[in-house]
Colleague: 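One structure, pasted below without further comment.
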Protein chains: 2
Amino acid sequence: MAAGLSDRSVPDIDRRGLRDRVYDRILDILLSSEMEPGARLSIDTLAKQLKVSPTPIREAMVQLERTGLVTREALKGYRVAPPLGPEQLDELFEARIMLEVEAARLAAPRAASFLPALQQAHEHHHLMGERVTDAMRGGEVPIRTIHDYFDADNAFHLVILDAAGNRYVQDMYANLGALTHRMRQAVIRGTSDVSEAAVEHAAILEAFASGDPSSPVAALRAHIEGVRARSLDDSPGT
Amino acid sequence: MAAGLSDRSVPDIDRRGLRDRVYDRILDILLSSEMEPGARLSIDTLAKQLKVSPTPIREAMVQLERTGLVTREALKGYRVAPPLGPEQLDELFEARIMLEVEAARLAAPRAASFLPALQQAHEHHHLMGERVTDAMRGGEVPIRTIHDYFDADNAFHLVILDAAGNRYVQDMYANLGALTHRMRQAVIRGTSDVSEAAVEHAAILEAFASGDPSSPVAALRAHIEGVRARSLDDSPGT
DNA sequence: AAAGAAAAGATCCTATAGGAAATATAGACG
DNA sequence: CGTCTATATTTCCTATAGGATCTTTTCTTT
């Protein structure tokens with residue numbers, strides 16, 4: 001922890017190089033589903049649109065390729081990755097269960113140190129969830145509201161991941177992050193997930209507070225299995 | 001695997017783009033420990049050495065950054081990553097255990113389909129191991145021999161990973177591959193690991209053959225824990 | 001009319017050039 | 001003699017240009 005990576009908030013103002021900003025910009029475009037799956041991502045076109053040269057675009061694309069959001073064919077260019085099929089969805093959940101359950105196992109002994117943070121994240125998630133359901137009763141749900149809710153949900157899970165203290169597990173989870181976001185976006189319909197997620201998060205919080213090292217593992221597994229089940233319910237309604 | 005449609009014998013000879021070949025070349029340099037940790041990896045210098053322009057070098061570096069073998073500081077360039085410390089080594093083993101144990105759990109029910117391949121991989125690994133021990137008795141061990149042994153060892157594990165049928169787990173394992181290779185390189189001393197690894201691999205093979213779904217999980221866990229223990233024995237002798 | 005071939009257009013890929021920042025070096029001052 | 005400053009060099013970073021490849025369109029032929 002002494003040489004840890006806690007300095008995530010101060011990346012030297014604007015000292016990240018153009019390639020990182022281009023990466024963020026294209027990532028936003030992809031995550032907001034502004035482009036159809038399979039659509040070509042022309043290097044030159046993107047360069048003109050973002051008012052930069054092809055080189056930083058090219059670097060950002062290499063990085064994006066690793067997230068699974070774009071596919072590359074040598075000498076043919078990049079394309080928006082096709083949507084996740086049922087098998088990929090299943091494998092994604094399997095991978096998430098593996099990572100989060102293991103993270104819970106590692107974090108459980110040190111529950112006391114991060115319980116306040118987890119409690120706070122849970123309350124924030126609960127609040128954001130209420131805003132979503134309120135908006136749903138009124139009809140349209142602003143994109144910003146949905147975005148905030150996803151962020152809050154992700155933050156809750158990240159508290160546990162970070163508490164596990166394994167940088168490789170953290171990296172793996174971050175890699176799956178983009179695909180997870182895309183998956184959630186496609187399965188947002190229905191208010192059920194919001195309320196049930198809050199209940200399950202509460203159960204996870206209680207499990208960590210109980211002191212029993214095996215309870216959080218079971219609670220977390222139940223949560224992700226619950227998300228999976230609710231996703232499958234909605235997926236036929238394409 | 002099932003969705004593949006481009007299994008022609010020689011579909012893309014030399015059709016991988018310069019960036020991929022540059023990546024392989026630099027990866028070889030890094031894995032062979034020709035450069036000291038912390039040494040600068042100058043874009044221009046590498047471009048001149050490899051007789052290419054900076055652009056493909058730059059793309060390959062972005063890719064290498066994700067393997068953990070090089071570090072990047074914006075506006076300051078790339079450097080060879082520092083050697084793995086004790087904590088990182090521990091976390092790396094934790095991550096590998098998580099991945100491989102889960103892979104074994106997923107693969108166990110389909111053991112019959114990949115048992116022959118696993119058997120063959122085991123025999124090859126055993127053979128390569130004998131070559132290493134033979135060479136050790138004679139004094140020097142050729143680099144090629146060590147390389148072949150590592151490949152055989154890795155191939156054995158890959159059979160199980162592939163059998164798990166989860167592309168995300170496979171990707172994660174591949175990401176850890178470079179670091180794992182570097183770790184093994186630093187802990188190669190001692191012939192004990194070669195013979196013990198063969199014994200443990202045999203146990204894994206038997207566990208899969210037994211049909212009991214929980215045996216392979218335990219055997220695989222025992223194997224990696226064994227590797228970890230032997231690594232710790234050698235690490236003080238830096 | 002359909003299928004195949006050839007040419008035009010667009011795109012990717014690599015190379016070269018110049019500006020901005022960081023590191024190393026040399027000199028001046030306390 | 002040590003420290004600080006200013007200069008020079010190296011290096012990274014971005015932009016522009018040209019050759020190679022793929023895609024699309026058009027035209028010819030059966």
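Below, each value reflects all heavy atoms present in this structure, side chains not excepted, and no hydrogens, waters or symmetry copies. Residue numbers start from 1 in every chain, and the chains themselves are labelled A, B, ... in the order their sequence lines are given, proteins ahead of strands. Remember, predicted model here, so these are calculated numbers, not experimental data.
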Colleague: What pairs of residues pass the salt bridge (charged side-chain N to carboxylate O under 4.0 Å, His left out) test when at least one of them lies in residues 142-159 of chain B, not counting sequence neighbours?
Modeller: B:Arg144-B:Asp148, B:Asp153-B:Arg184
Colleague: For A:Leu69, which of A:Leu27, A:Leu41, A:Ile29 qualifies under side-chain contact (heavy atoms from CB on, under 4.5 Å)?
Modeller: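 So the option named by the test is A:Leu27.
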Colleague: Can you tell whether the side chains of A:Glu91 and A:Arg228 come within less than 4.0 Å, N to carboxylate O?
Modeller: no
Colleague: Mind calculating the distance between OH (A:Tyr78) and P (C:dC12) to the nearest angstrom?
Modeller: 10 Å
Colleague: Salt bridge (charged side-chain N to carboxylate O under 4.0 Å, His left out): which pairs involve residues 25-51 of chain A, sequence neighbours left out?
Modeller: none
Colleague: Identify all pairs in which a protein N or O lies below 3.5 Å from an N or O of nucleotides 23-25 of chain C, and state each distance.
Modeller:
{"unit_1": "C:dT23", "atom_1": "OP1", "unit_2": "B:Lys76", "atom_2": "NZ", "d": "3.1"}

Colleague: Can you list the residues that meet the salt bridge (Lys or Arg N to Asp or Glu O under 4.0 Å) rule with A:Asp24, with sequence neighbours excluded?
Modeller: A:Arg16
Colleague: Any ion pair linking B:Glu59 and B:Arg21 (charged N to carboxylate O, less than 4.0 Å)?
Modeller: no
Colleague: A:Arg79 CZ to D:dC22 P: how many Å, rounded?
Modeller: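 That distance rounds to 14 Å.
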Colleague: Can you list, by residue number, the residues of residues 45-68 of chain A that have a non-hydrogen atom closer than 4.0 angstrom to DNA chain C?
Modeller: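 Only A:Arg58 qualify.
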Colleague: Over how many whole Å does the gap from A:Leu18 atom CG to C:dA21 atom P extend?
Modeller: 13 Å
Colleague: Describe, in one word, how the ring planes of A:Phe156 and A:His201 are oriented to each other, choosing from parallel (under 30°), tilted (30 to 60°) and perpendicular (over 60°).
Modeller: parallel
Colleague: Which whole-number value in Å describes the distance from B:Asp44 CG to D:dT10 P?
Modeller: 12 Å
Colleague: Figure out the CZ/P separation between B:Arg19 and C:dC13, and round it to whole Å.
Modeller: 8 Å
Colleague: Test: salt bridge (charged side-chain N to carboxylate O under 4.0 Å, His left out). Region: residues 96-105 of chain B. Which pairs qualify, not counting sequence neighbours?
Modeller: B:Arg96-B:Glu100, B:Glu102-B:Arg105
Colleague: Taking atom C1' of D:dT21 as reference, at what distance in whole Å does atom CD1 of A:Ile43 sit?
Modeller: 15 Å
